Undergrad: 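I am attaching a structure below and will ask some questions about it afterwards.
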2 protein chains.
Amino acid sequence: MLSIIDAAIAMLQSRNFATHLAPQDALTRGTPKDRLEISKRFECLAMNLKQLSETLGLSQTTVSRALNGYPEVNEDTRRRVMEAARRHDYRPNTRAKSLATGRAMAIGHVIPISTKHEIVNPIFADFIAGAGETYTKMGYDMLLSVVPDADQARCYREMKAKRNVDGVILHGPHFDDSRIPLLTEIGLPFIVHGRSTNATLPYSWLDVNSRRAFERATGLLLDLGHRRIALLNGLEHMDFALRRRAGYSAALQGAGIEADPALMRSEEMTEGYGHRAAIQMLRADAPPTAFLTSSLIIALGVRRALEELGLKMGRDVSIVTHDDELSYLRNGEDIPIYTAVRSSVREAGRMAAEMLIRRITDPTLPHLDRLLEAELTIGQSTGPAPNRGARQGGAG
Amino acid sequence: MLSIIDAAIAMLQSRNFATHLAPQDALTRGTPKDRLEISKRFECLAMNLKQLSETLGLSQTTVSRALNGYPEVNEDTRRRVMEAARRHDYRPNTRAKSLATGRAMAIGHVIPISTKHEIVNPIFADFIAGAGETYTKMGYDMLLSVVPDADQARCYREMKAKRNVDGVILHGPHFDDSRIPLLTEIGLPFIVHGRSTNATLPYSWLDVNSRRAFERATGLLLDLGHRRIALLNGLEHMDFALRRRAGYSAALQGAGIEADPALMRSEEMTEGYGHRAAIQMLRADAPPTAFLTSSLIIALGVRRALEELGLKMGRDVSIVTHDDELSYLRNGEDIPIYTAVRSSVREAGRMAAEMLIRRITDPTLPHLDRLLEAELTIGQSTGPAPNRGARQGGAG
DNA sequence: CCCGACTCTCAAAGCGCTTTGATAGCGCGC
DNA sequence: GCGCGCTATCAAAGCGCTTTGAGAGTCGGG
């Protein structure tokens, strides 16, 4: 028995355990015990607490306390322990640690994939980069689950039952989102990136003031004399999209203009959508003189449409977009190309993660929330409405 | 003592543990034992093996074997157990399970952030979506670590020592990448998305044939009569960028054309880069008639440059791009806008994950590798070289 | 009617850590 | 010289699971 194990280890250590060596199927054929033995010996690079304490001639208790900063350890002893741990590059086994403490030291993110279009929300990468920074800083891990829209509830329940996360961040909340009562019910701490209008239960959230942002953006276009302003929104079961439309409508109403349904679209935010919608609207009888888009990617599509129709952006047609400041899709380098209401998704990720961890470490904390204001930056994509005089007539 | 716990639980169950109730600081002030007791009682929604086995009047052993498909369990018993597990929504505690089995059932992804530009590679979202699908299917979790470029080695060592992953996927390999010997040394199974020229150790990888793809793309432009073809590449310490340049150079050389350094750039792949480089090159003395770009995002920038200079894409200047088929940045909807060499990153994620899991479950397997061919699709961005007759003269 | 073979089930050990409750050592005052 | 309080350490229990090695029950052949 032992010789099989030895052979396997020899093979592993020879570092070419890649090349097919026929007789060494011990690793798969061996009993679970063998497997464990093999991995234990092979992984001996990594020390465990017992070994470390034996090396030091101390008990596991003392070593553990020394490393975790408990006060009842002699400072000399602590130093000695710390030093040895550093030297042997000792790291406690996460699995054992969390089993013992009841804390997983991990945060879950469920990334839903819209089954219709198979689209991953492009802001995830940046949000997660931001959250990840915080996690790394605070010693947490990040667990991702990519699931089809419909399986989300199951996924959350599973996370709870399997106990491999201490909390989750809820992405892309809908109007009256069912995940909020679900998470509250199963008792998994969470924070929402966004808000859910109509939610009855209290919850923690971090959001951008979309309504205000779009009200201001629309206001800017109105000030420039635009009267026919198109809104290319995201899918309107998404809460943020509703708020954006509300802001847009409020601004129009404030200027005494009735929103024209022909100028309002709501779709998955792709370049193609922006292009298609812009072409259609601009070829219609009463074309818009300005577009307000819910993402930079949509704006790219609109721009392509303008180009095809021989229209000049910022002169013939204006564009204002929401800009999530994605790292790989910058709105210009020094000077912004598009006039935009900006808000950093990455920074949102950092902050949301921090808030969640705060709530996890102290569950008595009241619900936290934070409303960020978007910043309005003027770029080259906006200008006065072209046919101002004609359209406004004596009214303005 | 107990009353404090009871109060805390009552509070938790009342579901408004959000609102500040002054005296209930038991949760933070209590001893660790209290905390555990509280969480145990509060989390009673989730059953553990012991409870389940007691409910059934069976031993933990039998229940465990029944659930894990061991043969020595009576089929009737198994059915009974399965049914009860389903009814109580029992899920084994991951932490306990992996402690006992020695398998973390998780794969790690280290996402390096280029410290200079703070850019997250935009392909991650899609790659991870693909890999995530596989993980979910195979019962694995995905662990993400976002770390600054320089900290990667530490991060990998930590993953190994903390034992919270069974393997990792290595992203964005460089020429002669030091992470390959590192991972081999510490004995963490891995698969590379891409390849690393000059690596001496054997390793498993999945890659696109970048060289061939760029050779074909360049060939297409040459066939169209283009002689001055610019290459807007990614950073050339990245292995894929080197291969792409090699393909480009080979094609030019095959046509007897010497590559002009003035027409070759290598930078972080952003829209701004594409725009800037195109403007500069097109304004120079001998402007290119075609651009070959390493990403769709760069191509967008080139297009914007063309627009600004009043040039028409596909007529005045041609563009061929590499296209990773990102879900949120499609190259047109029905008909492709850009002529491109395409390869789905998502599909690559799916396959890489599968290969890695295969190697994890059977370490005796030889190293796996897979070379995918990119597909060349003609779009509207390419056309014959404008001044063909003039340039080629009698030679063509 | 007994015994070996086979089927099904079990108690207990162990995974690597934290935490408890106990103990050894020590100086101090009475 | 005894008990007291204090500090620094320890052995052992427990987290929830898997796996071992053994035991109880059943059945059919001799």
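All of these numbers come straight from a predicted model, not from anything done at the bench. Values reported hereafter were calculated over all heavy atoms of this structure, with side chains retained and with hydrogens, waters and symmetry mates removed.
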Undergrad: Within less than 4.0 Å of OP1 or OP2 of D:dC10, is there a side-chain N or O belonging to A:S59?
TA: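 So the side-chain polar atoms of A:S59 do come within 4.0 Å of the phosphate oxygens OP1 or OP2 of D:dC10, strictly under.
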Undergrad: Over all strands shown, is B:R65 touching base, sugar-phosphate only, or nothing at heavy-atom distances under 4.0 angstrom?
TA: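 Base contact.
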Undergrad: Expressed as a whole number of angstroms, how long is the span from B:L67:CG to D:dT18:P?
TA: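 These atoms are roughly 8 Å apart.
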Undergrad: Whole angstrom is fine here: how far is it from CZ in B:R103 over to C1' in D:dT19?
TA: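 Spelled out: CZ on B:R103 to C1' on D:dT19 is 15 Å.
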Undergrad: To the closest 0.5 Å, what do you measure between CD1 (A:I357) and NZ (A:K137)?
TA: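 A:I357 CD1 to A:K137 NZ: 9.0 Å, rounded to 0.5 Å.
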Undergrad: Identify which nucleotide among D:dA11, C:dC17, D:dT18 has an atom closest to any side-chain atom of A:A96, counting heavy atoms from C-beta outward.
TA: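 That would be C:dC17.
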Undergrad: Can you tell me how far the CG atom of B:N164 sits from the CE atom of A:M105, to the nearest 0.5 Å?
TA: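 Here the rounded value is 11.5 Å.
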Undergrad: Could you tell me how far apart A:Q51 (CD) and C:dC15 (C1') are, to the nearest whole angstrom?
TA: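 Result: 13 Å.
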Undergrad: Report the end-to-end axis angle of the helix from C:dC1-D:dG30 to C:dC30-D:dG1; each axis comes from five terminal pairs, and the value is rounded to 10°.
TA: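 What I find for the helix from C:dC1-D:dG30 to C:dC30-D:dG1 is an axis angle of 80°.
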Undergrad: Any idea which of C:dT9, D:dC10, D:dT9 is nearest the A:E72 side chain?
TA: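 The nucleotide sitting nearest to the side chain is D:dT9.
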Undergrad: From the list D:dC17, C:dC17, D:dT9, which nucleotide is the closest neighbour of the side chain of A:V73?
TA: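 The listed nucleotide nearest to A:V73's side chain is D:dT9.
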Undergrad: In whole angstroms, how far is the C1' atom of C:dC15 from the CG atom of A:N93?
TA: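 Whole-Å distance recorded here is 8 Å.
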Undergrad: Rounded off to whole Å, could you give me the CZ-to-P distance for the A:R95 and D:dG14 pair?
TA: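 Rounded to the whole Å, the gap is 24 Å.
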Undergrad: So, does B:N74 get its side chain near the phosphate of C:dC8, meaning an N or O under 4.0 Å from OP1 or OP2?
TA: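 For C:dC8, OP1/OP2 do have a side-chain N/O of B:N74 under 4.0 Å.
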Undergrad: Would you say a side-chain N or O of A:Y90 is under 4.0 Å from OP1 or OP2 of C:dC17?
TA: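 Checking C:dC17 against A:Y90, a side-chain N or O does come within under 4.0 Å of OP1 or OP2.
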Undergrad: Is there a donor-acceptor pair closer than 3.5 Å between any side-chain N or O of A:N68 and the backbone N or O of A:Y70?
TA: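 No, because the side chain of A:N68 does not come within donor-acceptor range (under 3.5 Å) of the backbone of A:Y70.
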Undergrad: Using whole Å, what does the distance between atom C1' of nucleotide D:dT19 and atom OH of B:Y70 come to?
TA: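 Answer to the nearest Å: 7 Å.
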Undergrad: Report the nucleotide, chosen from D:dA11, D:dG16, D:dC17, that has the shortest atom-to-atom distance to any side-chain atom of B:L99.
TA: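 Looking only at heavy atoms from C-beta outward on B:L99, the closest nucleotide is D:dG16.
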Undergrad: Taking all atoms of both residues into account, what is the closest heavy-atom pair of B:R78 and B:A66, and its distance?
TA: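 In this case the closest contact between B:R78 and B:A66 is NH1-O, 2.8 Å.
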Undergrad: Distance check: side-chain N/O of B:T77 vs OP1/OP2 of C:dC8, anything under 4.0 Å?
TA: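 No, no such contact exists.
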Undergrad: Measure up the A:Y135 and A:Y140 rings against each other and bin them: parallel (under 30°), tilted (30 to 60°), perpendicular (over 60°).
TA: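 Judged by the thresholds at 30° and 60°, the geometry between A:Y135 and A:Y140 is tilted.
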Undergrad: Assign A:S98 to base, sugar-phosphate, or nothing according to its heavy-atom contacts below 4.0 angstrom with the strands shown.
TA: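 Nothing, no nucleic acid heavy atom in range.
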Undergrad: Give me the one residue out of B:D166, B:I186, B:V110 that meets side-chain contact (heavy atoms from CB on, under 4.5 Å) with B:M159.
TA: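 One option only clears the test, and that one is B:V110.
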Undergrad: I want to verify a distance call: between C:dA12, C:dT9, D:dC10, whose nearest atom is closest to the B:T61 side chain?
TA: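 Within the option list, the nearest is C:dA12.
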Undergrad: Judged by atom type as modelled, is there a donor-acceptor pair below 3.5 Å linking the side chain of B:R65 to the main-chain atoms of B:E72?
TA: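 No, the answer is negative, given that no donor and acceptor are paired below the 3.5 Å cut-off.
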Undergrad: From NZ of B:K97 over to P of C:dC17, roughly how many Å is that when rounded to an integer?
TA: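 Whole-Å distance recorded here is 22 Å.
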Undergrad: May I have the distance from A:K162 (atom NZ) to D:dC17 (atom P), rounded to whole angstrom?
TA: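 After rounding, the gap between these two atoms is 13 Å.
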Undergrad: Measure from the side chain of A:A100, starting at C-beta and using heavy atoms only, and say which of C:dT19, C:dC17, D:dC17 lies closest.
TA: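 Selected nucleotide: C:dC17.
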Undergrad: Check whether any side-chain N or O of B:N68 sits under 4.0 Å from OP1 or OP2 of D:dT18, and answer yes or no.
TA: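 True: B:N68 side-chain N/O within range (under 4.0 Å) of D:dT18 OP1/OP2.
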Undergrad: With no hydrogens and no angle check, is any side-chain donor or acceptor of B:R359 less than 3.5 Å from a backbone partner on B:L365?
TA: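 Yes; judged by distance alone, with no hydrogens or angles, the pair exists.
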